[in-house]
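So you know, we letter chains A, B, ... as the sequences are listed, proteins then strands, and number each from 1.
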Amino acid sequence: MLDIKRIREEPERVRERLATRGGDDGEKVEEILHCDSEWRRLVTEVERLKSQRNRVSKEIGALMGQGKGEEAEARKEETRALGEQIGVLDGQVGKLKERARELMLSLPNLPHESVTVGATEADNPTLREWGQKRDYPFEPEGHVGLCERLQLIDFVRGAKLSGSGFLLYTGWGARLERALTQFLLDLHTGEHGYTEVSPPFVVSRDCMEGVGQFPKFVDQAYAVQEGEDGSTLGSLYLIPTAEAPVANIHRGEMLAHADLPIRYCAYSPCFRAEAGAAGVGTRGMIRVHQFDKVELIKVVDPEQGYEALERLVAHAETVLQQLDLHYRVILLCTGDMGFGSAKTYDIEVWAPGQKDYLEVSSCSNCEDFQARRMGLRVKMTDGKKVYPHILNGSGTALARLFVALIETHQQKDGSIAIPEPLRPYLKADRIPSPEG
RNA sequence: GGAGAGAUGGCUGAGUGGUCGAAAGCAACGGUUUGCUAAAUCGUCGUACGUGUCACAGCGUACCGCGGGUUCGAAUCCCGCUCUCUCCGCCA
């Protein structure tokens, strides 16, 4: 959520920055300004009436105390009339405020000045690459083929259980997934200073709203239902990312400055309805309804938000470096950024079987956008209360990492070589080929 | 799932339908004092929004878990909800 004061003070600037995202939010800004000024006008008015009523009520109390009951009765008429006016005005005030909030919640964050202005992913600049595409003395196989041949994933039975887009990991596949998860958590907690948390995998509507998933992406979330009648279990939603619960851990709190920076690291499965994406790259495990991910969340002093973002990306990059996977880091342009983000780096790993780069991490600084939505503040050492910057980054998504790993490290003999740092976790240095 | 108890300012904890934004204590902050890691003493000490100011101040409104209701007036009475605690049952 943007700062209403900022919208009041420099509406043009806000409109300009929003426009770089490509949406049509100009009209919303207009309506917000209108609701806001109207709201302030009515609030002033209704508060004046309330003040009057309070005064008269006190006088009535005094009269009653003095035993002047009749006089008091007479004055009650006054406040009754005031009460009616107040009721009407309060209704209008409430509606305006609600409408303004609704609009405020639907506005995306303003892109940071350093972000390239652009319309689509074609405009995303590549910032750097690490490693390189290897040459294989054979035609590298795609992950679907590898998974089937090595019996890592049973695509058919996974779909039988839950429909397409759900994976059944088997044997070495399941073990590799578990090893990767463990490896990632140990790396971030041990080397990068994050505190591991294990959050609920369903969250309330408030949490979804806090991180900016709602209201815009309601149709992308699975709602938890209680029974066949469709009654929703207190409006709970399967998390699309651990960011939803973890970024909300301190919702509504007032943190001390000494509590910062806060760094959390969490494993969770992620559930995405991917409505409207059917048929687009749905084969295999590139785009699925459920995948595992290790997420990194930071809550920091606003002064240090961007410094923290650079470190966050570096932490995610370490994963790929340790697994010896070629990747590139790109900066999302204004038109391609997520709803709540002010600046986002994507890390894309090379998958030789796909002959394409896969997004395995998205690291964003949402600045105070989420903190404002969830009412999370920090009391600075000088006593000032500010909204901290909240950052999130994947460290990393598992399914696609799995793809890049097996495609990159496939061997001529049909086996998969396991990079050194992962071996202790898998307790093996290769995944053997059944026929080998 | 059943029964009961509770939810008040950073914390502990009072609170009669009407000067209650809320006693008291602790903590915190500022000052004074005492020949020494501390004590005594005085004072300050909630939040949000609106208004106002260069900025303070000031003024107003709201807030005693959340949402409704009764009333001229609600922390206080009524209803619904949420959460916490205790006991019972059930269960990984």
*salt bridge (charged side-chain N to carboxylate O under 4.0 Å, His left out) involving A:Glu9 - partner list, sequence neighbours excluded*: none
_Once ring pair (Phe, Tyr, Trp, His ring centres under 6.0 Å) is applied, do any residues pair with A:Tyr345, and if so which ones, sequence neighbours excluded?_
none
*asked:* Expressed as a whole number of angstroms, how long is the span from A:Asp206:CG to B:rC66:P?
replied: 14 Å
*asked:* Show me the pairs that pass salt bridge (Lys or Arg N to Asp or Glu O under 4.0 Å) and involve residues 302-312 of chain A, at least two apart or across chains.
replied: A:Glu307-A:Arg311
_Which residues share a salt bridge (charged side-chain N to carboxylate O under 4.0 Å, His left out) with A:Glu420, sequence neighbours left out_ = A:Arg423
*Who pairs with A:Phe214 by ring pair (Phe, Tyr, Trp, His ring centres under 6.0 Å), at least two apart in sequence or on another chain?*
A:Tyr237
*What string of B, S and - do you get for nucleotides 68-79 of chain B, 5' to 3', if B is base contact, S is sugar-phosphate-only contact and - is no contact with any protein heavy atom under 4.0 Å?*
----BS------
Between protein and nucleotides 44-49 of chain B, what N or O pairs are separated by less than 3.5 Å?
residue: B:rU47; atom: OP1; partner: A:Lys385; partner atom: NZ; Å: 3.0
residue: B:rA48; atom: OP1; partner: A:Arg377; partner atom: NH1; Å: 3.0

*List for me each residue that meets salt bridge (charged side-chain N to carboxylate O under 4.0 Å, His left out) alongside A:Glu78, sequence neighbours excluded, and say none if there are none.*
A:Arg75
_Taking ring pair (Phe, Tyr, Trp, His ring centres under 6.0 Å) as the cut-off, I'd like each qualifying pair that reaches into residues 4-39 of chain A, sequence neighbours left out, listed once._
none
Might you list the N or O atoms of the protein lying below 3.5 Å from N or O atoms in nucleotides 53-57 of chain B, with each pair's distance?
none

*Which residue pairs pass the ring pair (Phe, Tyr, Trp, His ring centres under 6.0 Å) test with at least one member in residues 97-119 of chain A, sequence neighbours excluded?*
A:His112-A:Tyr306
_Non-neighbouring partners of A:His192 that pass ring pair (Phe, Tyr, Trp, His ring centres under 6.0 Å), sequence neighbours left out_ = A:His188, A:His315
